[in-house]
Amino acid sequence: MIYKIISTEELAPKTKMFEVLAPDIAAKAKPGQFLIVIISVKGERIPLTICDYNREKGTVSFAFHEVGKTTKELGQMQAGDTLENVTGPLGNPSEIKNFGKILCIGGGVFIAPLLLQVKAMKQTGNKVTTILGARIKEELFMEEKAKTLSDKIYTASDDGSIGYKGLDFLKEILKTEKFDHCVVMGPVVMMKEVSEITKPYGIPTIVTTTPIMMDGMGMCGVCRVTVGGKMLFGCVDGPEFDGHQVDFEELVQRQRLFLPEERVASLMWEKNIGGCRCDRKKA
Ligand SMILES: Cc1cc2nc3c(=O)[nH]c(=O)nc-3n(C[C@H](O)[C@H](O)[C@H](O)COP(=O)(O)OP(=O)(O)OC[C@H]3O[C@@H](n4cnc5c(N)ncnc54)[C@H](O)[C@@H]3O)c2cc1C
Ligand code: FES
């Protein structure tokens, strides 16, 4: 199978979206699911959330932020290049139904897959308020798309350069507006903060966990997440879980387990010593 990159789009600095030919995946993909992407023969497996699919064209899209060796290497690929392998759709799809009035909150690169959920939630009759968050103004994207898909949108940034500064404004909104459901996709710190804000109001809050994964199919046990005191696997039991039950501290600790090795790998790749400059071919 040839996983050809059909198109690429720069969403923000170091944040790109790729549309890839993968008809078998496109035929089954649903919001909330993810892919495991391998870019070259010697490449590692990286999980990336599905942010769109086109069953007619047989394509699936994912967005990624360049944080380390593999995502930086992926960021250099162009339309026409081929990926070694794309596996999916993996994980459980999001629960899409008419909850009533819902909050959809996306941060950073996860704005892209969040909007796939927003679209599906709107189509099932929900009244959707969307919050898009970014570290700085330049990193906020898809605002216009969010406006067309949602009933109401807010923007926020860590430094206040666009929209509200931080997430405190959400506390004010919740004092006057009632919501039946909330979904959050983004950095762990953001998902934790939102879960803490919604908890006193009893708003069921679903977060997308991103533990380190390997096979993505429940075999290796790498992706353990503690939810409500129970040890679950992010890949087959999730990746979405009840945000009021997730042990976020443990999740962060486990995500950082290989930081020294990841830094070395990234540095070696940047300096072109070792690591694979991938042996990809044009299809
Ligand atoms: C279910 C799921 C969905 C994800 N969706 C997206 C997405 O849509 N867009 C996006 O930009 N990122 C997503 N991620 C995170 C993405 O997989 C990592 O950023 C990527 O693997 C980093 O690889 P790297 O070599 O570039 O960086 P590295 O330097 O190797 O790692 C940087 C950090 O990324 C995390 N990471 C590294 N390897 C893995 C791995 N195998 N599995 C999970 N996390 C890892 C670790 O926290 C690590 O500290 C998702 C992760 C999971 C588990
Ligand atoms: S990634 Fe191996 S069990 Fe989940």
Side-chain angles (χ1 to χ4, degrees), residues 10-18 20 29 31-40 42-53 60-77 86-94 106-117 134 139 141-142 184-189 191 206-225 231-241 246 248 250-270 275-276 278:
E10 182 148 3
L11 301 173
K14 295 187 179 173
T15 305
K16 299 194 174 106
M17 183 163 74
F18 283 7
V20 173
Q33 292 185 296
F34 67 94
L35 310 164
I36 296 261
V37 175
I38 304 177
I39 63 179
S40 63
K42 295 176 194 159
E44 67 172 339
R45 308 163 66 85
I46 57 161
L48 296 170
T49 310
I50 293 169
C51 64
D52 210 354
Y53 46 82
V60 66
S61 301
F62 54 80
F64 59 97
H65 188 54
E66 295 173 27
V67 288
K69 176 188 173 279
T70 304
T71 45
K72 285 177 189 169
E73 197 169 358
L74 189 59
Q76 293 199 341
M77 297 182 83
V86 181
T87 306
L90 298 168
N92 296 296
S94 312
V109 66
F110 287 90
I111 288 174
L114 178 90
L115 292 188
L116 183 61
Q117 268 206 54
E139 291 181 1
F141 58 87
M142 291 188 173
V184 202
M185 299 176 90
V188 176
V189 278
M191 295 194 291
I206 303 300
V207 299
T208 293
T209 58
T210 50
I212 290 185
M213 290 188 181
M214 203 130 79
D215 62 297
M217 294 173 195
M219 289 182 284
C220 69
V222 165
C223 62
R224 292 192 292 273
V225 183
M231 194 268 284
L232 299 174
F233 285 178
C235 65
V236 286
D237 299 317
E240 295 185 353
F241 293 111
V246 170
F248 289 107
E250 183 196 62
L251 181 59
V252 171
Q253 269 175 20
R254 290 185 60 82
Q255 279 184 330
R256 297 168 67 87
L257 271 177
F258 301 103
L259 263 187
E261 290 85 353
E262 288 159 1
R263 286 200 179 123
V264 171
S266 181
L267 213 67
M268 284 176 71
W269 182 77
E270 276 171 14
C276 59
C278 66

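On a predicted model such as this, the values are computed, not experimentally measured, just so you know. For ligands, and for the atoms within them, numbers begin at 1 and follow the listed sequence.
Among all protein heavy atoms, the one lying closest to atom 10 (C) of ligand 1 is Leu48 CD2, 3.6 Å. Scanning the protein for heavy atoms near atom 3 (C) of ligand 1, the closest one is Thr49 OG1, 3.2 Å. Among all non-hydrogen protein atoms, the one lying nearest atom 9 (N) of ligand 1 is Ala63 O, 2.9 Å. Closest to atom 34 (O) of ligand 1, if we only count protein heavy atoms, is Val67 CG2, 4.5 Å. Annotation: atom 27 (O) of ligand 1 to nearest protein heavy atom, Gly68 CA, 3.2 Å. Looking only at protein heavy atoms, the nearest one to atom 20 (C) of ligand 1 is Ile46 CG2, 4.0 Å. The protein non-hydrogen atom at the shortest distance from atom 53 (C) of ligand 1 is Pro211 O, 3.0 Å. Given atom 15 (C) of ligand 1, the protein heavy atom at minimum distance is Pro47 O, 4.0 Å.
Using a 4.0 Å cut-off between heavy atoms, Val109 contacts ligand 1 through its side chain alone, with no backbone atom that close. Only the side chain of Phe110 comes within 4.0 Å of ligand 1, counting heavy atoms alone; its backbone N, CA, C and O stay farther away.
Within ligand 1, the atoms closer than 4.0 Å to a non-hydrogen atom of Thr210 are 2 (C), 3 (C), 4 (C), 50 (C), 51 (C), 52 (C), 53 (C), numbered from 1 in the order shown. Listed by number with element, the atoms of ligand 1 under 4.0 angstrom from any heavy atom of Phe64 are 9 (N), 10 (C), 11 (O). Listed by atom number, the atoms of ligand 1 under 4.0 Å from Arg45 heavy atoms are 41 (N). Residue contact check: Thr71 has heavy atoms under 4.0 Å from atoms 24 (P), 26 (O) of ligand 1.
No option in Ile46, Ile50, Leu74, Thr49 other than Leu74 meets the side-chain contact (heavy atoms from CB on, under 4.5 Å) test with Phe62. Put simply, the residue from Asn92, Thr208, Thr209 that forms a side-chain contact (heavy atoms from CB on, under 4.5 Å) with Phe241 is Thr209. Each of Cys235, Cys223, Cys220, Pro47 was compared with Met214 under the side-chain contact (heavy atoms from CB on, under 4.5 Å) criterion, and only Cys220 meets it.
With sequence neighbours left out, the ring pair (Phe, Tyr, Trp, His ring centres under 6.0 Å) criterion links Phe34 to no other residue.
The shell of residues lying under 4.0 angstrom from ligand 1, judged by heavy atoms, includes His65. Put simply, part of Glu44 is less than 4.0 Å from ligand 1, judged by heavy atoms. For Ser266, the closest heavy-atom approach to ligand 1 does not fall below 4.0 Å.
Taking CE of Met191 as the start and CE of Met185 as the end, the distance is 8.5 Å to the nearest 0.5 Å. Within the model, atoms CD1 of Ile36 and CD of Glu44 stand 10.0 Å from one another, a figure rounded to the nearest 0.5 Å. Note that the CG atom of Leu90 and the CD atom of Gln33 stand 8.0 Å from one another [nearest 0.5 Å]. With values rounded to the nearest 0.5 angstrom, Thr87 atom OG1 is found 6.0 Å from Ile38 atom CD1.
Inspection of the environment of atom 4 (Fe) of ligand 2 yields the following protein N, O or S atoms under 2.8 Å: Cys223 SG, Cys235 SG.
Salt-bridge annotation for Arg254 and Glu250: absent, with no side-chain N of the basic residue lying under 4.0 Å from a carboxylate O of the acidic one. Under 4.0 Å is where a charged nitrogen must lie from a carboxylate oxygen, and between Lys14 and Glu139 no such pair does.
The two residues Phe64 and Leu48 make their nearest non-hydrogen contact at CB-CD2, 3.9 Å. Here the closest non-hydrogen pair linking Gly32 and Pro239 is O-CG, 3.8 Å. Across all their heavy atoms, Cys51 and Ala63 have their closest contact at SG-N, 3.7 Å. Taking each heavy atom of Glu261 and Leu257 in turn, the nearest pair found is OE1-O, 4.3 Å. In terms of heavy-atom proximity, Phe141 sits nearest to Thr15 at CE2-CG2, 4.1 Å. Taking every heavy atom of both residues into account, Ser94 and Gln117 meet most closely at OG-NE2, 3.0 Å.
An N or O contact shorter than 3.5 Å is missing between Lys72 and ligand 1 by distance.
Closest heavy-atom approach to atom 42 (N) of ligand 1 within the set Glu262, Met213, Met214: this belongs to Met213.
Within 4.0 Å of atom 18 (C) of ligand 1, not a single protein heavy atom is present.
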